[in-house]
2 protein chains.
Amino acid sequence: MANQNMTLRDLAKALKLSTSTVSKALRDSYEIGEKTKKKVTNYAKKVGYRPNTLAKSLKEGKSRTIGVVICSIDNTFVSQLLNGIDYACNNRGYSIMIMQSKESHSQEIKCIDLLYGRSIDGLLISPACETPDSDHLTKYHNLGLPIVLFDRYSDELDLPKVSINNLEASYDATCHLIGNGYTKIAILHSNTRLNINIQRLQGYKNALEAHHIPINEAYVKPCDFHDTEILKQSIETAVKELMALSDPPTALLATSDQISTQSISIIKNLGYRIPQDLALVGFTNTTLAASLAPPLSTVYQPAKEIGEIAANKLLDLIDGVDRDDKSSATIYLTTNLIERASSKPLPSASERITFKSQNNA
Amino acid sequence: MANQNMTLRDLAKALKLSTSTVSKALRDSYEIGEKTKKKVTNYAKKVGYRPNTLAKSLKEGKSRTIGVVICSIDNTFVSQLLNGIDYACNNRGYSIMIMQSKESHSQEIKCIDLLYGRSIDGLLISPACETPDSDHLTKYHNLGLPIVLFDRYSDELDLPKVSINNLEASYDATCHLIGNGYTKIAILHSNTRLNINIQRLQGYKNALEAHHIPINEAYVKPCDFHDTEILKQSIETAVKELMALSDPPTALLATSDQISTQSISIIKNLGYRIPQDLALVGFTNTTLAASLAPPLSTVYQPAKEIGEIAANKLLDLIDGVDRDDKSSATIYLTTNLIERASSKPLPSASERITFKSQNNA
DNA sequence: TTGAAAGCGTTACCAT
DNA sequence: ATGGTAACGCTTTCAA
């Protein structure tokens, strides 16, 4: 540890004052005279005194550090979330300690244990896909740890959440496809019990129903999120199975950043053209969406804002500015559907063909 | 702060032992009898005792936390570096505290000050582009803080560095373009004094020289890195200026992740076709490179490995396993040139046209 | 206005 | 084998 410098005691000794006087002087206490303050602060600056945050935290029972648990740092969307969290925390004098659950429930528990042991003042978490229950979060919340969930969450948990309006987002994306003439729409979703997934699935189904399109369960494909390689495999299998159906879909909704960015190359490698053979709308924030071949229609999520709002909510809870630590404090942001060539309107000719083949099935 | 639980003293009281005995028992000291150890550990587990890391750090003078300063977390390449750092640190029981310099030198200094105040055991830093000198790093190094630079570095600094062989990487990329028939090759580089940039520029020039192609300074364009918007602007201006030359380039080397991913859409928006009007090779790690239009030829850097090696080097320094804290401990990894359509061989026909127009100029 | 002393939770030295 | 005590560097009563 590097901070082996000047301590308050050293300053006091050099200035022939007591440590308490020096401490108070540096903190600009009303108890200390102006000239003493001047003398102390000047000398402190001169010798480059730096308070030991560890000692301060131990004494005050406040570390001014929050823990952040995310699935993986190595992900465009997540890094934008983190950017927002970092921004809010910096502004309010807090530091962050980031840990990755790598989508594993046991790993997630380890992360929280470790962070809690490091005396974090609060926890910001986007749970692992694998999460079977929320007992671990409840346990720490009962221990008095302020917790805010962001992006992903589970409804069983009565804690503040910051996310997007998932149902609406996938409803709109599906309607966009329908509006462009597609009726045979499949969905690639993640195999998780998290609300984020359940609601995106529901939004898709609601949109179909609203347009009197029957839901074809063969078009609903869960993808395994445990690991990038497994995910790729499972997307590939899903697409193959979809296209092998007697009545294959003509459009696809990919409901996460990872699924979206991976599926574009998988679909092309399998020899299908986007959007001619399979139109595609994804959930992704990559700035490269417009440069892809074809440019990808996306549901854009205000990632930085989600992170920022979640962090501010947590800090409000910690600082006692805000007392609502129930899910009633939940905030849902709106997404932005960006229409590009990957889901362009079906030419009326091919639209007719589509309907014909549907009748044949 | 949440860790307001059981303390050693509480355990001692309950077990009618002294705090020192309990402390030693939990740490499996040889001084303590087996049955006492059993009794203590069992009771500690039963009541869910969790040691206070803050107190431990204060006492031991070791926080088992390292600081990481990067330009921006919100960047594919950087997040891969961080993933490697995190991996290494987890394996060795260290936590990381990440701060963003946002390419600002003064911000970078603030980050290090704050981290140092938080008693980090060591610092991993990839300096801001703006960095005019390394006085701040030298200062902390002299204070006894172990420091390792990764990705970016400056040669004036006698500290261990982990990066790629920048000269070779851009030499190879340029040779690849030359091999594919391009001779009028421009370069978009970052406006920084960092070695990473100087060497990439040098590699480009060396490659041209090795092939007896004269260096055209009008083809060498620095881009302003201060901010994403400014960067976009400066890339656009650079491309416009290049293409407005009486003898415009036919190929372009983009020497950073950000320049590469941004320039592809800028070039297309300006109405130039890649590679017909302007071939492109970039430095980027995005998994989307192959899905771009056209698929982008890239210099791929082993980002996770860079982070991992840098972190391990720093931890070796901290743990005293390794004593070489000079730049002699520097490691340069090799990159991987992935050839795709954005730099595909010039058809011999157009190659002849190119040479003709060159003669006309 | 200033200072002495206790205490945050831990470890380590030195007795016993 | 076990326990008392000081110390890490800071803040905070409470006296003076």
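Side-chain atoms are counted along with the backbone in the values below, which use heavy atoms only and exclude waters and symmetry mates. The structure displayed is predicted, hence computed values, not measured ones. Residue numbers start from 1 in every chain, and the chains themselves are labelled A, B, ... in the order their sequence lines are given, proteins ahead of strands.
- Ring geometry for B:Y140 against B:Y116 counts as tilted: the plane angle lies between 30° and 60°, on a 0 to 90° scale.
- Remark: B:Y49 OH is packed, more than 12 non-hydrogen atoms of other residues, nucleotides or ligands lying under 6.0 Å away.
- Judged by distance alone, with hydrogens and angles left aside, B:K59 brings no side-chain donor or acceptor close enough to the base of D:dG9 to form a pair under 3.5 Å.
- A rotation axis mapping the C1' atoms of four pairs onto the next four is fitted at both ends of the helix from C:dT1-D:dA16 to C:dT16-D:dA1 over five pairs, and the angle between these axes is 50° to 10 degrees.
- D:dC14 atom C1' lies 9 Å from atom NZ of A:K24, rounded to whole Å.
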- [ ] Walk me through it: do B:D319 and B:R92 pass the test salt bridge (charged side-chain N to carboxylate O under 4.0 Å, His left out)?
- [x] CA-CA 10 Å; B:D319 294 341; B:R92 296 176 63 167; 3.4 Å; yes
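- With hydrogens and angles left out, the side chain of B:S18 and the base of D:dG4 share no donor-acceptor pair within 3.5 Å.
- Between the side chains of B:S18 and B:T21, a donor-acceptor pair is found at a separation under 3.5 Å.
- Dashed line: the shortest gap from a side-chain N or O of A:R27 to OP1 or OP2 of D:dC10 is not under 4.0 Å.
- Between the CG atom of A:L314 and the CD1 atom of A:I309 there is a distance of 14.0 Å, given to the nearest 0.5 Å.
- Residue-level contact check: A:S23 touches the bases, meaning some heavy atom is under 4.0 Å from a base atom.
- Environment of OH in B:Y87: sparse, with no more than 12 heavy atoms of neighbouring residues, nucleotides or ligands closer than 6.0 Å.
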